[in-house]
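Below is one structure, written out as structure tokens; the observations come after it.
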There are 2 protein chains.
Amino acid sequence: MANHAKLQIFSTETAKPLTYFVSRDGGSGEVSPTTRNADNTLQNPLILRLSHPVDLSSDDRAVLQAITSDTREVPRRTDIIHEGDRPDCVRVVMEGIACRYKLLRDGSRQITAFLVPGDLCNPHITRLQEMDHGIASVSPCMIVEIPPSTITKLASRHPRVIDGLVWASLADESVMREWIVGLGRRMADRNMAHLICELYTRLEAVGLVEDRSFHMPITQNELSDALGITTVHTNRTMADLRDRGLIAFEGRWLRVLDLAGLRDLGQFNPQYLHLRRQRSGSDLENGEV
Amino acid sequence: MANHAKLQIFSTETAKPLTYFVSRDGGSGEVSPTTRNADNTLQNPLILRLSHPVDLSSDDRAVLQAITSDTREVPRRTDIIHEGDRPDCVRVVMEGIACRYKLLRDGSRQITAFLVPGDLCNPHITRLQEMDHGIASVSPCMIVEIPPSTITKLASRHPRVIDGLVWASLADESVMREWIVGLGRRMADRNMAHLICELYTRLEAVGLVEDRSFHMPITQNELSDALGITTVHTNRTMADLRDRGLIAFEGRWLRVLDLAGLRDLGQFNPQYLHLRRQRSGSDLENGEV
DNA sequence: CGTTATCTTGACGACTATCAACAGTCGTGG
DNA sequence: CCACGACTGTTGATAGTCGTCAAGATAACG
């Protein structure tokens with residue numbers, strides 16, 4: 001916990017060729033991490049994400065599709081937003097996995113959140129303030145940058161989209177609280193089970209779980225920095241989950257063999273993710289949220 | 001970390017007479033925890049809090065003073081908002097200390113945040129959704145309840161107040177991230193030092209630190225549930241901080257004897273609290289944020 | 001003045017860290 | 001095509017932080 005000597009600083013220097021979309025890991029090898037519609041067009045993860053909390057009109061969807069069409073590649077392990085930056089655009093992860101992180105003076109790192117497709121890096125559109133943490137890609141990512149002016153237009157013409165964004169922001173906060181609970185009160189195996197359940201559920205919500213397995217580019221080293229343990233302990237804990245028959249790895253794909261068992265171990269209740277819209281009786285009567 | 005058998009469930013049954021304002025702890029005994037102006041009128045912590053990020057006009061202040069005048073007493077250790085509630089008002093802590101918490105199935109509890117005067121319990125005014133965690137008083141508290149209609153009016157007539165509330169919400173998020181870092185990567189003594197620095201700085205921002213000491217109603221049991229350790233370890237760690245000459249207790253007041261040393265141990269950098277408005281060169285030129 | 005909550009201390013054990021070494025995979029370059 | 005180096009995953013031995021259990025001391029409260 002104290003001195004993590006070898007630190008892997010994220011650097012834009014370490015750019016590597018983008019091989020992420022080339023299936024190279026046996027198993028579900030042919031499947032691209034990005035979900036496709038029946039007609040083989042790409043599913044838009046932001047639309048999928050926002051469709052859970054709010055009812056998007058076809059117009060809302062069209063606008064979101066247009067806004068997110070201009071994606072930019074970010075190589076693996078590259079800062080998307082540096083700590084101290086004051087970003088002038090709202091950034092959305094469209095493909096790949098990223099993370100929020102903070103570095104400590106002793107060189108250790110703590111990841112405070114994982115970002116999956118459909119997640120916003122800096123959702124606080126009203127105040128583009130200085131970042132108190134960094135955001136970096138874990139796998140190669142596709143991201144879009146939305147200028148504040150576009151958000152302003154959305155606010156007047158597509159209020160439900162804004163509603164969805166606010167809702168997503170609340171969900172992110174809830175996830176942070178759950179991480180606090182996990183780091184404070186769950187043993188390593190339980191917390192790892194919980195984190196896997198979280199990723200599973202969030203990825204499923206944007207159509208990235210197929211046949212109970214999902215692409216898992218997060219290394220044990222990165223997992224350690226998220227779970228607050230060492231890589232050695234991460235390795236042993238993960239071997240434990242495998243030995244118990246809860247999960248299995250097929251190349252870089254993680255398959256959940258026993259979802260009920262994994263949820264039970266992690267005491268995972270998906271409610272905190274706020275994926276579904278809450279409706280009280282009166283809401284249903286009014287028809288409008 | 002595993003089985004915390006004895007759990008102290010917050011219950012409204014345990015209501016006790018409000019003796020908080022009766023000074024009963026030697027030392028700075030005569031001082032009420034609430035700061036007073038020179039003319040002995042009460043300082044409004046919400047106004048103090050919001051004054052840091054934004055420039056409030058005297059009109060803004062007057063409105064805030066009016067809105068927060070109707071306070072309600074909450075006894076010690078009483079739920080202010082239950083998990084699962086869908087509160088119909090925004091609640092603000094005006095006096096005392098409260099906490100956000102989650103209970104685990106095994107009976108253990110994790111506190112995810114402390115609320116000090118000027119903090120909002122449920123700042124997400126646009127969406128009054130179901131609470132995914134509980135909020136309870138730690139000490140007796142005075143709180144106000146602001147109906148959504150009032151917030152709506154504020155939005156049109158006092159935009160800077162809303163700006164301040166949003167800013168405060170961002171600061172709360174940042175605090176959560178720092179707790180994740182602390183629970184994941186800081187040893188107990190460092191994390192305790194960090195938490196004390198956090199409370200010190202936040203209380204100072206609303207005028208509740210006098211002569212390097214502040215009212216500390218949080219018990220070691222509650223501290224344990226915040227730091228993710230046992231009460232036994234909390235006790236020993238706290239004794240350690242005392243023995244090192246960093247802090248001292250005078251009744252229920254915590255005096256910081258060596259602020260520099262405490263900050264160094266906890267590697268505390270107050271920047272993440274976003275107490276001060278950030279100004280770039282252009283901001284200063286424009287004069288308007 | 002007794003009862004309860006809170007704080008304190010000691011002994012022991014469990015979980016996790018640290019240190020070290022090695023195996024497997026992958027991309028690169030000869 | 002193979003060798004090399006870098007990264008990632010794996011395993012063993014040992015040490016340290018922290019948890020558990022138990023008991024007592026102190027202080028608050030009716």
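Basis for what follows: all heavy atoms, side chains included, without hydrogens, waters or symmetry-related copies. Residue numbers begin at 1 in each chain, while the letters A, B, ... track the order of the sequences.
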Give me the atom names and distance for the closest heavy-atom approach of A/Ile80 to A/Cys121. CG2-SG, 4.3 Å
Among D/dC18, C/dC7, C/dT6, which nucleotide sits nearest the side chain of B/Gln220? C/dC7
Minimum-distance nucleotide (side-chain atoms of A/Ala188 versus C/dA17, D/dC18, C/dT16): C/dT16
Report yes if at least one side-chain N or O of A/Asn235 is closer than 4.0 Å to OP1 or OP2 of D/dG9; otherwise report no. no
Within the structure shown, what part of the strands sits under 4.0 Å from A/Arg190 by heavy-atom distance: base, sugar-phosphate, or nothing? nothing
Compare side-chain N and O positions of B/Arg186 against OP1 and OP2 of D/dT17 and report whether any pair is under 4.0 Å apart. no
Of C/dA17, D/dT8, D/dC18, the nucleotide closest to the side chain of B/Ile229 is D/dC18
Whole-Å distance, A/Leu241 CG to D/dT10 P, equals 12 Å
Is the shortest distance from a Lys or Arg side-chain nitrogen in A/Lys102 or B/Glu178 to a carboxylate oxygen in the other one below 4.0 Å? yes
Is B/Arg77 salt-bridged to B/Glu222, going by a charged N under 4.0 Å from an acidic O? yes
Would you mind checking if B/Asp119 and B/Arg202 are paired as a salt bridge, meaning a charged N to carboxylate O distance below 4.0 Å? yes
Nucleotide C/dA17, atom P - distance to CG of A/Asn221 in whole Å: 13 Å
Who passes side chain to side chain contact (heavy atoms under 4.5 Å, CB included) against B/Asp240, sequence neighbours left out? B/Asp189, B/Arg244
Round to a whole Å and report the spacing from NE2 of A/His233 to P of C/dT18. 12 Å
Is there any protein nitrogen or oxygen under 3.5 Å from a nitrogen or oxygen in nucleotides 10-14 of chain C, and what are the pairs?
unit_1: C/dG10; atom_1: N7; unit_2: B/Arg236; atom_2: NH2; d: 2.2

Here the distance between atom P of D/dT17 and atom CG of B/Asn191, to the nearest Å, is 15 Å
Is the shortest side-chain N/O distance from A/Arg76 to OP1 or OP2 of D/dT8 below 4.0 Å? yes
Just the rounded figure in Å: distance from C1' of D/dG19 to CG of B/Leu227. 15 Å
Select one nucleotide: of C/dT6, D/dT10, C/dT16, the one nearest the side-chain heavy atoms of A/Met187. C/dT16
How bent is the helix from C/dC1-D/dG30 to C/dG30-D/dC1, comparing axes over its five end pairs at each side, to the nearest 10°? 40°
Spacing of B/Glu250 atom CD relative to D/dA27 atom C1', expressed in whole Å: 17 Å
Does the pair A/Arg185/B/Asp106 count as a salt bridge with the N-to-O cut at 4.0 Å? no
Quick check: A/His194 with A/Tyr272 (ring centres under 6.0 Å apart)? yes
Could you tell me whether the side chains of A/Asp79 and A/His82 share a donor-acceptor contact shorter than 3.5 Å? yes
